[in-house]
Protein chains: 2
Amino acid sequence: MTRRPKPPSARKPALDREEAAFLQRYDASAFPHPSVAVDVALLTADERGLRALVLRRDDHPHRGRWALPGTFVGMDEALDTAAMRALDQKGGLRGVFLEQLYTFGAPRRDPRTRVITVAYYALVDAATLDAALPASGGILAYLDVPWEGETGGPVSASGADRKNLRLAFDHQHILGAVVKRLRGKLDYSPIGYELLPERFTLRDLQRVHETILGRPLNKDSFRRRMLATGELESTGEREQDVRYRPAELYRVKNV
Amino acid sequence: MTRRPKPPSARKPALDREEAAFLQRYDASAFPHPSVAVDVALLTADERGLRALVLRRDDHPHRGRWALPGTFVGMDEALDTAAMRALDQKGGLRGVFLEQLYTFGAPRRDPRTRVITVAYYALVDAATLDAALPASGGILAYLDVPWEGETGGPVSASGADRKNLRLAFDHQHILGAVVKRLRGKLDYSPIGYELLPERFTLRDLQRVHETILGRPLNKDSFRRRMLATGELESTGEREQDVRYRPAELYRVKNV
DNA sequence: TTGCATATATGTATATCGCATCTAATATGG
DNA sequence: CCATATTAGATGCGATATACATATATGCAA
């Protein structure tokens, strides 16, 4: 169908010209504004539990502490784009699951000046992250996920030696919010597969869900529930090089 | 128990002094930053459905369109505080249910300059809002909530004459996100009571839930489910001045 | 071949949900 | 005063989903 363009005068009433003039005069720097950043909690799962990428800060503030990958938001950059950029530049990863989490803006959360951070979380399988890890210069911290109960509060992180890592800013709270969000998502989605390779066993998926929820799940119910979502399908293949009976490998439909 | 203060030298290592010096030199205005605002979707429910407070914009940009109450975030103001302030100054309401929703930051969502808005939503009963409405200068717009399906997209608003209202900025998308959030919350919480007076009937609560979900609910299942949450209790009183059998009035426990 | 660890199937009790039916309370109209 | 309309609330039952237990099947190693 062909659109018949109306004369500009009909589509540009007086108000628009007035508004355009207003915009010309507008001075964005007339009063001070908080700065805006994004921080990304990049999670993966292995047999030892949930892990998150943290980077040692070389600069002030909080030099020497561990921080989630983040960056300031560019003047013409979408929030999602900034989060992807932080993930790419500081974690060396692209194309992974990424979703906005919550915006943290306590006035003194950054000692420099007022910085509001839009927190994101990203999920990736362990093999992909392991491959990208050396270039990032960061480490994977274990998340000490509390069993049961609420996790709106902070979640601490530990290094390979199980010693507690001091996180910068309010990043402990961001990790706590991620765990809480994931727990909510599990109720209606097998989201755990984002933390696994393309092909995985139902047992692997159950372990991921158990780690996130912090409690054991019934094997049969879990299997039925996952298959009932209709989001998974069998590949027909089986595990290789396992000591006992190899389990069937599944993948996510419609990818 | 008495705390024995350690000498300052033990608690203030060299790194902290170095960091303090860094903070002195830090210039927050070294590069341009987006502005940060909050917008609040203030919802209530009556027999005709969900309604939201919208205010006619007297100034540019989008002069003449309808907008959610909002404000820029002060330099030393928490996000929640800014949202409460917007609700108080532009809606005349305090102490209502308020929760952060999502942060919208598309680069061109505000024609003035880059403005990132942290969207909140607030829930209040119709009587309270009706009392505060005249002073606000705004109107209550009906939300045209789609039946079933996803509502991540925009939700349009209509005036008393059922004519579509042109909303400013991306406020249609904010309303869509509110509906989506509420639908998710209903699965595990009788959150609808926030939209009702202190004492309400189960039938009222069901109507609110049906409006939000956009589909009818089974009366008995709803009643059983609500009472099973343990969050409601009977007041022992009944409705007044109704035409047929008066229903029992309930309230939320632990308030 | 045997035993082990896991996958997969079957069975059962319990909880939940939807639907139908029944009773209760109130106003209205004769 | 009484029948009736209408809504509130309770009860019962079948279908479904879930947790838990048990049984069978599979593949590998010793």
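Chain A is the first sequence line, chain B the second, and so forth, proteins listed ahead of strands; every chain is numbered from 1. Just so it is clear, the values below take in all heavy atoms, side chains as well, and ignore hydrogens, waters and symmetry mates. Everything numeric here is computed off the predicted structure, so don't read it as measured data.
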Nearest to side-chain heavy atoms of A:Arg203, which nucleotide of D:dT6, C:dA7, C:dA25: C:dA7
Between D:dG27, C:dA7, D:dG9, which nucleotide gets closest to the side-chain atoms of B:Glu248? D:dG9
For A:Ser136 and A:Leu55, the nearest pair of non-hydrogen atoms, with its separation, is O-CD2, 3.6 Å
All heavy atoms of A:Asp125 vs all of A:Pro197, minimum pair found to be CB-N, 3.4 Å
Could you tell me whether [X] and [Y] make a salt bridge, using a distance below 4.0 angstrom between a side-chain N and a carboxylate O?
X: A:Glu233; Y: A:Arg251; answer: yes
X: B:Glu99; Y: B:Lys185; answer: yes
X: B:Arg207; Y: B:Asp204; answer: yes

Determine whether any donor atom in the side chain of A:Lys219 lies under 3.5 Å from an acceptor atom in the base of C:dT8, or the reverse, and answer yes or no. yes
Interatomic distance, CG@A:Leu101 vs CZ@A:Arg181, rounded to 0.5 Å, equals 5.0 Å
Within this structure, what is the [atom1]-to-[atom2] distance between [X] and [N], rounded to whole angstrom?
X: B:Leu205; N: D:dG9; atom1: CG; atom2: P; value: 12 Å
X: A:Gln206; N: C:dT8; atom1: CD; atom2: C1'; value: 13 Å
X: A:Asn218; N: D:dA19; atom1: CG; atom2: P; value: 6 Å
X: B:Tyr244; N: D:dT6; atom1: OH; atom2: P; value: 6 Å
X: A:Leu202; N: C:dA9; atom1: CG; atom2: C1'; value: 14 Å

For DNA chain D, the residues among residues 220-239 of chain B that have a non-hydrogen atom under 4.0 Å from it: B:Asp220, B:Arg223, B:Arg224
Any side-chain heavy atom of B:Leu232 sitting closer than 4.5 Å to one from B:Leu205? yes
Solution key, residues 220-229 of chain B side-chain donor-acceptor pairs under 3.5 Å, sequence neighbours excluded:
{"from": "B:Ser221", "atom 1": "OG", "to": "B:Asn218", "atom 2": "OD1", "distance (Å)": "3.1"}
{"from": "B:Thr229", "atom 1": "OG1", "to": "B:Met226", "atom 2": "O", "distance (Å)": "2.6"}
{"from": "B:Thr229", "atom 1": "OG1", "to": "B:Glu231", "atom 2": "N", "distance (Å)": "3.3"}

Using 30° and 60° as the class boundaries, would you call the ring planes of B:His171 and B:Phe169 parallel, tilted or perpendicular? tilted
Which angle, to the nearest 10 degrees, lies between the helix axes at the two ends of the helix from C:dT1-D:dA30 to C:dG30-D:dC1, each defined by five pairs? 10°
